[in-house]
2 protein chains.
Amino acid sequence: MFNESDKSYPIELVAEFLGVNSRTLYYYERFNLVVPMRRGRKRYYSREDISWLEYVRELMYDQGMNLRSIIVLIKRRDGVILTRCPQDVVNSFKNYLMKMDDVF
Amino acid sequence: MFNESDKSYPIELVAEFLGVNSRTLYYYERFNLVVPMRRGRKRYYSREDISWLEYVRELMYDQGMNLRSIIVLIKRRDGVILTRCPQDVVNSFKNYLMKMDDVF
DNA sequence: ACTATATTTTCACTTAAAGTGAAAAATATT
DNA sequence: AATATTTTTCACTTTAAGTGAAAATATAGT
């Protein structure tokens, strides 16, 4: 029923792994850049969430992209992005063709 | 031999048309985001340059993208970008697969 | 060559997004 | 109730983007 890839991790552990402050992960969440699963109010990050966040860090730190640009690419259903981006994140922007008054 | 679309315009006129400071256009040029033609040391912007700059402004102002992200997309030969981006600008990034120590 | 004018470049400053530290608030646990 | 954990808020720092003003460079006219 469940396997290794269903494992999930609390925010502090994920932040430490990524080398960022946990506040940064809360910050990303305000933009729907990551949608961790909740048990109660506590957040749990899946392996997919974590590897997506690693990629986001690479885009931002190594390539110099900003957060808004990543969101633009998700909305655009950019091919490179889609292969890495969790479905929940993509879905969080699914209505953008209809309502233009979203996160921006 | 020549037609309307070969017309070119000096920087102050272009800046005024776009609603930006001419210093902004010099700034973009440092990143090869635009490559105006030169006659002597004076810059002349083609119609294509100008409509490209309009698009850049839209990406940055309306969509919130940053300059570096636009460069990433040019390097990636992003389809949406390529239809708008002058060949000279694309060419200015043509070696990026070889040398990784470029503008960043 | 000299003066006036236009364009470019440099320096220093402003603004806003991204990120973070610390404390307060909320929720859970013993 | 007291303690511990997680989340949220507030205020601050840092850096890219953009700009104002002056200095430097080039061009044209006399």
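Throughout, a chain's letter reflects where its sequence line sits, starting with A, and its residues are numbered from 1. Treat the numbers as computed from the prediction; the structure is a model and nothing was measured.
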Within the pair [X] and [N], is there a side-chain N or O less than 4.0 Å away from OP1 or OP2?
X        : N       : value
Arg43(B) : dT9(C)  : yes
Tyr27(B) : dG18(D) : no
Asn21(B) : dG20(D) : yes
Arg38(A) : dT27(C) : no
Tyr28(B) : dG18(D) : yes
Tyr26(B) : dT8(C)  : yes

Find the distance [X]:[atom1] to [N]:[atom2] and express it as a whole number of Å.
X        : N       : atom1 : atom2 : answer
Arg39(A) : dT6(D)  : CZ    : P     : 13 Å
Lys42(B) : dA24(D) : NZ    : C1'   : 18 Å
Met37(B) : dT7(C)  : CE    : P     : 15 Å
Glu29(B) : dG18(D) : CD    : C1'   : 16 Å
Arg57(B) : dA17(D) : CZ    : P     : 12 Å
Glu16(A) : dT20(C) : CD    : P     : 14 Å
Leu25(A) : dT7(D)  : CG    : C1'   : 13 Å
Arg30(B) : dT19(D) : CZ    : P     : 15 Å

Closest to side chain of [X], choosing from [options]:
X        : options                  : result
Leu67(A) : dG18(D), dG19(C), dT7(C) : dG19(C)
Arg68(B) : dT8(C), dA17(D), dT6(D)  : dA17(D)
Phe31(A) : dT8(C), dT27(C), dA18(C) : dA18(C)
Arg23(A) : dT7(D), dA22(C), dG18(D) : dA22(C)

Would you verify whether the NZ or CZ of Arg39(B) falls within 45 degrees of the ring axis of Tyr44(B) while also being under 6.0 Å from that six-membered ring's centre? yes

So which one's nearest nucleotide on DNA chain C is more toward 5', Arg41(A) or Ser22(A)? Ser22(A)

Parallel under 30°, tilted from 30 to 60°, perpendicular over 60°: which one fits the rings of Tyr55(B) and Trp52(B)? tilted

Pairing of Lys42(B) and Glu12(B) as salt bridge, 4.0 angstrom limit: no

Check ion pair Arg84(A)-Glu48(A) (N to O, under 4.0 angstrom): no

Would you indicate whether Glu16(A), at its atom CD, is surrounded by more than 12 heavy atoms from other residues, nucleotides or ligands within a distance under 6.0 Å? no

